[in-house]
Structure formats: structure tokens, C-alpha cells
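Letters A, B, ... are given to chains in the order of the sequence lines, protein chains preceding strands, and every chain is numbered from 1. Quick caveat, the model's predicted, so the values are computed rather than measured.
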There are 2 protein chains.
Amino acid sequence: MTSTGRPPLRRERIMESAVALADRAGLEAVSMRAVAAELGVVPMALYKHVADKDDLVGGMIDTVVAAYPTPNPSGPWAARVRAAVLGARAAMLRHPWMRPAIESRHAPTPIVLGHMEAIGAAMRDGGLSTDLVHHAMHAMGSRIWGISPESFAGAGAAAPDEATAAAVASRFPTVAAIAAETAATGGECAAEAEFAFVLDLLLDAIERLHATGWRSGRGAATAR
Amino acid sequence: MTSTGRPPLRRERIMESAVALADRAGLEAVSMRAVAAELGVVPMALYKHVADKDDLVGGMIDTVVAAYPTPNPSGPWAARVRAAVLGARAAMLRHPWMRPAIESRHAPTPIVLGHMEAIGAAMRDGGLSTDLVHHAMHAMGSRIWGISPESFAGAGAAAPDEATAAAVASRFPTVAAIAAETAATGGECAAEAEFAFVLDLLLDAIERLHATGWRSGRGAATAR
DNA sequence: ACCTGAACACCGTTCAAGT
DNA sequence: ACCTGAACACCGTTCAAGT
């Protein structure tokens with residue numbers, strides 16, 4: 001007799017399980033063995049539906065990206081891009097493992113290309129040249145995915161007690177001043193404001209280039 | 001008799017070995033066991049000089065960052081920041097594993113804080129407020145380290161033959177146009193130009209905010 | 001003091017076998 | 001067709017032992 005009443009293993013079910021596990025226990029808890037255990041199945045069973053672990057993580061990203069809201073394709077291009085990115089970010093906050101997952105991968109799946117295409121197309125619709133769209137995508141970087149590309153998020157976290165905090169402050173006064181200011185303004189929602197601020201800064205810089213009839217080949221955004 | 005003529009194990013020697021191994025075989029080849037073998041030593045011997053693998057990777061990053069050139073502390077702030085970042089980037093190109101290494105870490109070491117401080121201090125010297133310096137650091141993101149925060153670097157790499165390339169082009173025309181344009185302009189050095197372009201775009205946007213007497217609290221860089 | 005051997009609790013993945 | 005068991009070649013890390 002086959003194992004009682006267990007629904008057949010399908011790729012979709014594997015991905016849902018893996019995403020739920022990552023939400024609960026982090027990306028490093030997602031192993032072939034752990035996902036299999038989650039599904040009441042032996043590790044090898046997964047390999048009928050998933051090529052290898054890379055494919056598993058790619059599928060997890062696809063699952064989340066496929067659920068991004070698709071914003072209204074009207075209005076100015078910058079507003080459309082802003083809505084798409086903030087929509088992605090809202091989804092991302094529920095899946096913190098997406099940042100390391102995306103950053104560890106090097107090839108985009110078709111679903112992931114679809115999200116890039118939607119943002120690029122909004123810019124082209126706004127009249128931006130392919131060239132400028134290209135540069136704009138680079139400027140956005142991983143922010144396109146609703147994730148911040150900030151290395152060492154908790155820069156102030158290196159100072160546990162007051163004595164060493166003072167030592168850090170004297171050696172790294174600028175870094176310490178930034179950390180103190182952030183702590184005073186209330187860290188949690190400050191991160192959201194920061195994300196939106198930088199997004200707008202970039203959209204604004206790009207819009208300005210476009211408005212002033214920027215063309216590639218001058219080598220840089222500005223003579224320096 | 002102790003093992004013939006082998007110099008005593010020191011942290012510095014371990015880091016040099018690990019960096020050389022990563023340069024040669026990539027970050028994923030750097031295991032405690034592989035580094036130990038490189039040094040002709042049993043894995044456990046490393047633990048006298050290194051707390052754990054995280055400490056090993058942190059030490060590798062420190063080794064490279066400590067060798068960043070320190071640019072002349074004169075001239076306008078944007079030029080100083082530009083020189084520091086491009087100096088970091090030059091070092092980075094010799095150590096491609098630095099991107100995944102930095103992105104996988106969450107706490108900065110003092111040496112790494114020192115590099116952030118140098119860039120932040122250059123901005124403060126230029127008269128930027130702590131607040132604006134903070135936002136500027138976020139805008140730069142990991143570019144501060146001389147690495148580009150580009151997810152899925154080879155976006156066009158998903159199309160091996162011409163038939164599927166055409167399929168990709170029809171589904172993702174904007175992405176395909178960008179890929180085609182990049183290929184035409186010669187990919188390798190284009191990446192360098194791209195890095196400098198975006199860096200200048202960001203420095204320019206920040207300089208503009210500073211020049212127009214920007215103050216925090218308006219919520220965003222621009223009304224939208 | 002400095003290094004080692006053996007062991008523990010994990011990985012991803014293969015292959016041939018079960019039902 | 002779909003799942004399993006046993007095994008292979010790895011990990012990081014611990015602990016008690018050697019010299």
C-alpha cells in the first residue's frame with residue numbers, strides 16, 4: 001500500500017513548502033533534506049520535480065515574483081516604475097530570505113525576466129532610449145526587486161556596551177553620527193522611508209537626464 | 001620532531017592562503033578543510049587563529065580592504081569619494097569573490113568600518129549634513145566597496161541559440177534590446193563604463209541636493 | 001603551546017532497487 | 001511511474017589526546 005492519502009508530489013507543492021520553511025526558519029534552513037522532511041518524503045523524491053538545489057531556490061524566487069502586483073499601465077513612466085518597485089518591496093517584506101536568495105543567483109528565469117521587462121517597458125513607453133533604460137536599470141540595481149543592496153545593514157551593531165560605543169564613535173565619528181541619528185528617528189520605519197527616498201532620488205536623476213535630452217557616448221553622467 | 005621547517009601558523013598566513021585560493025578557485029572552494037590542506041595542516045589547526053568560518057571570510061575581506069589605496073584628502077568631496085570608490089573597484093577586479101563574500105555578511109569589521117568612515121568623512125568635509133551623508137551612503141549601496149549590486153549580471157545568458165534568442169526577444173523586447181546593444185558595444189569594458197556612469201549619476205544627484213540646500217523631513221527627494 | 005585523530009551531525013547527489 | 005535505501009564525497013565543528 002502506498003503511503004496513506006498523501007497528495008502526489010508536485011513542483012508547486014514543493015515550492016510552497018520551501019517558501020513556507022524559508023519564511024519560518026530562514027534560507028539556510030532550506031536544504032533538500034529539510035524540504036523533503038517537511039513533505040513527509042525521502043530527499044531523493046524531490047529530484048523528479050527539481051533538477052538540483054539551484055533549481056529549487058530559483059523556483060522559490062519565481063513563486064514570490066509571480067505574485068508581485070502588476071501596476072496600472074498608465075500615467076507617467078516614473079510613477080509606473082515607482083509603483084512596480086514598491087509593490088515588489090511590499091511582497092519582499094514578507095519574505096526576508098529573498099535578498100540573499102536573489103543575490104546568490106546569477107541567471108534569471110523567464111518569470112524574473114518578466115518583471116525586469118515590465119519595468120524596462122514602462123521606461124521605454126515614457127520615451128527613454130534603450131541606452132538610458134539600460135543605465136537606469138543599473139542605477140536601480142537590486143532595488144528593482146524590492147530589496148535594498150545595503151551591505152552590512154547593522155553597521156552600528158558592532159557596539160554592544162557604552163564604553164565600546166564611545167570607542168567606535170571616536171574612531172568612526174561619521175558612521176557613529178549616522179547610527180545615532182537613525183536610532184533617534186526610530187529604526188524600523190526609517191528603513192522604509194530610506195528605501196523610498198533613494199528610489200525617488202534615482203528616478204529623479206534619471207528623469208532629469210531624460211528631460212535634458214541626454215545621449216550616451218559622453219562617457220559619464222556629468223563632466224568631473 | 002615537529003613537521004620539518006614549516007613556518008608557524010599565523011592568522012595573516014591563513015588569510016593570504018585563503019585569498020589566493022579564492023582568487024584561483026572561487027569563494028565556494030574556500031572551506032576550512034581546503035585552506036588547511038593548502039597550508040599542509042589538519043583542519044583543526046586553523047581554529048587556534050580563526051573563530052569559525054565566518055571569521056575566516058571576514059578576515060579575507062579585511063585583507064583586501066586594508067590594501068585599498070587611500071586617496072589624497074584634498075579637493076572637492078565628490079572627487080574624493082569618486083577616487084576612493086574607483087580605487088576600491090580596481091582592487092576588487094582582482095578578487096571577484098569579494099562581491100558574494102561582502103553580500104553574505106551582515107556585520108562590518110573595524111577595517112571595513114574604516115573604509116565607510118573615510119567616504120562618509122569626505123562628504124562631511126564637503127559640508128553635507130549627517131542626514132544627507134546617510135542617504136548618500138544608502139544610494140551608493142555596495143558600490144562603496146567597488147562592487148556593483150547587479151542581480152542577474154548575465155541577463156541575456158538565458159538565450160543559447162538563435163531560435164530561443166528570438167523567442168526571448170519577442171517576450172522581453174526591452175531586455176533583449178539592452179542585451180543586443182551591450183553586446184554590440186563590447187561587453188567587457190562596457191561594465192567598467194557602466195560602473196563609472198552610475199557612480200557619477202549618484203554623486204551628481206547628491207551634489208544637486210546638497211547645492212539646493214536640501215533638508216530631511218520632506219519625506220522624499222522629490223514630490224511625486 | 002601547538003598541533004592531531006577520531007568522531008558527530010550535517011550537506012547535495014548517484015545509482016540500483018523496490019512497489 | 002513514482003518513490004526508496006544505501007552509499008559517496010563532501011561540509012563545519014567538538015573533544016580528548018598526543019608531542
Side-chain angles (χ1 to χ4, degrees), chain A residues 1-22 24-62 97 100-101 103-107 109, chain B residues 1-22 24-62 97 100-101 103-107 109:
Chain A
M1 190 201 197
T2 178
S3 28
T4 55
R6 173 149 50 66
L9 218 47
R10 253 192 273 284
R11 187 170 226 267
E12 194 189 15
R13 241 165 54 76
I14 292 173
M15 295 312 167
E16 280 166 13
S17 228
V19 166
L21 178 58
R24 181 169 11 101
L27 186 63
E28 74 285 352
V30 177
S31 66
M32 299 297 283
R33 293 168 124 103
V35 173
E38 198 87 351
L39 291 160
V41 129
V42 94
M44 294 9 292
L46 302 181
Y47 284 84
K48 281 276 127 149
H49 305 89
V50 149
D52 51 19
K53 198 186 171 182
D54 232 56
D55 188 32
L56 175 70
V57 176
M60 291 171 64
I61 294 174
D62 275 359
W97 50 268
E103 275 166 356
S104 74
R105 295 187 59 75
H106 36 262
T109 62
Chain B
M1 190 203 200
T2 177
S3 28
T4 55
R6 171 151 50 67
L9 217 48
R10 254 193 271 285
R11 186 170 228 267
E12 194 189 16
R13 241 164 55 75
I14 293 174
M15 294 312 166
E16 279 166 14
S17 227
V19 166
L21 178 58
R24 183 169 10 103
L27 186 63
E28 73 285 352
V30 177
S31 67
M32 298 298 282
R33 292 167 124 104
V35 172
E38 199 87 352
L39 290 160
V41 128
V42 95
M44 293 11 288
L46 302 182
Y47 284 85
K48 282 274 128 150
H49 307 88
V50 149
D52 52 19
K53 197 184 173 184
D54 231 56
D55 188 31
L56 176 70
V57 176
M60 291 170 65
I61 295 174
D62 275 359
W97 51 269
E103 276 166 354
S104 74
R105 296 187 58 75
H106 36 263
T109 63

With the side chain defined as heavy atoms from C-beta on, B:S31 is closest, among C:dT13, D:dG12, C:dC3, to D:dG12
Out of D:dT13, C:dC11, D:dC3, minimum distance to the side chain of B:D52 belongs to D:dT13
Between CD of B:E28 and C1' of C:dC11 the distance, given in whole Å, is 16 Å
Base-paired stretches in DNA chain D with three or more consecutive Watson-Crick or G-U pairs, both distances under 3.5 Å, amount to C:4-8 with D:12-16, C:12-16 with D:4-8
Whole-Å distance, B:K48 NZ to D:dA17 P, equals 16 Å
>> Can you tell me if B:K53 touches the phosphate of D:dG12, counting only side-chain N or O atoms and a distance under 4.0 Å to OP1 or OP2?
In response: yes
Short side-chain N/O contact to C:dT13 OP1/OP2 from A:Y47, under 4.0 Å:
yes
Taken to the nearest whole Å, CZ/B:R33 to P/C:dG5 is 13 Å
Here the gap from A:H106 atom NE2 to A:D54 atom CG, rounded to the nearest 0.5 Å, amounts to 6.0 Å
Atom CE of B:M44 and atom P of C:dC2 are separated, to the nearest Å, by 17 Å
Here the distance between atom C1' of D:dC2 and atom CD1 of A:I14, to the nearest Å, is 12 Å
B:M32 CE to D:dT13 P, in whole Å, measures 6 Å
Check: Are A:L9 and A:V41 close enough that some pair of their side-chain heavy atoms sits under 4.5 Å apart?
Finding: yes
Taken to the nearest 0.5 Å, the spacing of B:E16 CD from B:L39 CG works out to 10.0 Å
Student check: side-chain heavy atoms of A:M32 and A:D52 closer than 4.5 Å
no
When B:I61, B:D62, B:V50 are each screened for side-chain contact (heavy atoms from CB on, under 4.5 Å) with B:M15, the one that passes is B:V50
Rounded to whole Å, CG of A:L46 lies from P of C:dC11 at a distance of 13 Å
*Using a 4.5 Å cut-off on heavy atoms from C-beta on, say whether the side chain of A:R11 contacts that of A:D55.*
yes
B:D55 CG to D:dG12 P, in whole Å, measures 14 Å
Q.
Just so I know, are the side chains of A:V30 and A:E38 near enough to count as touching, which here means a heavy-atom distance under 4.5 Å?
A. no
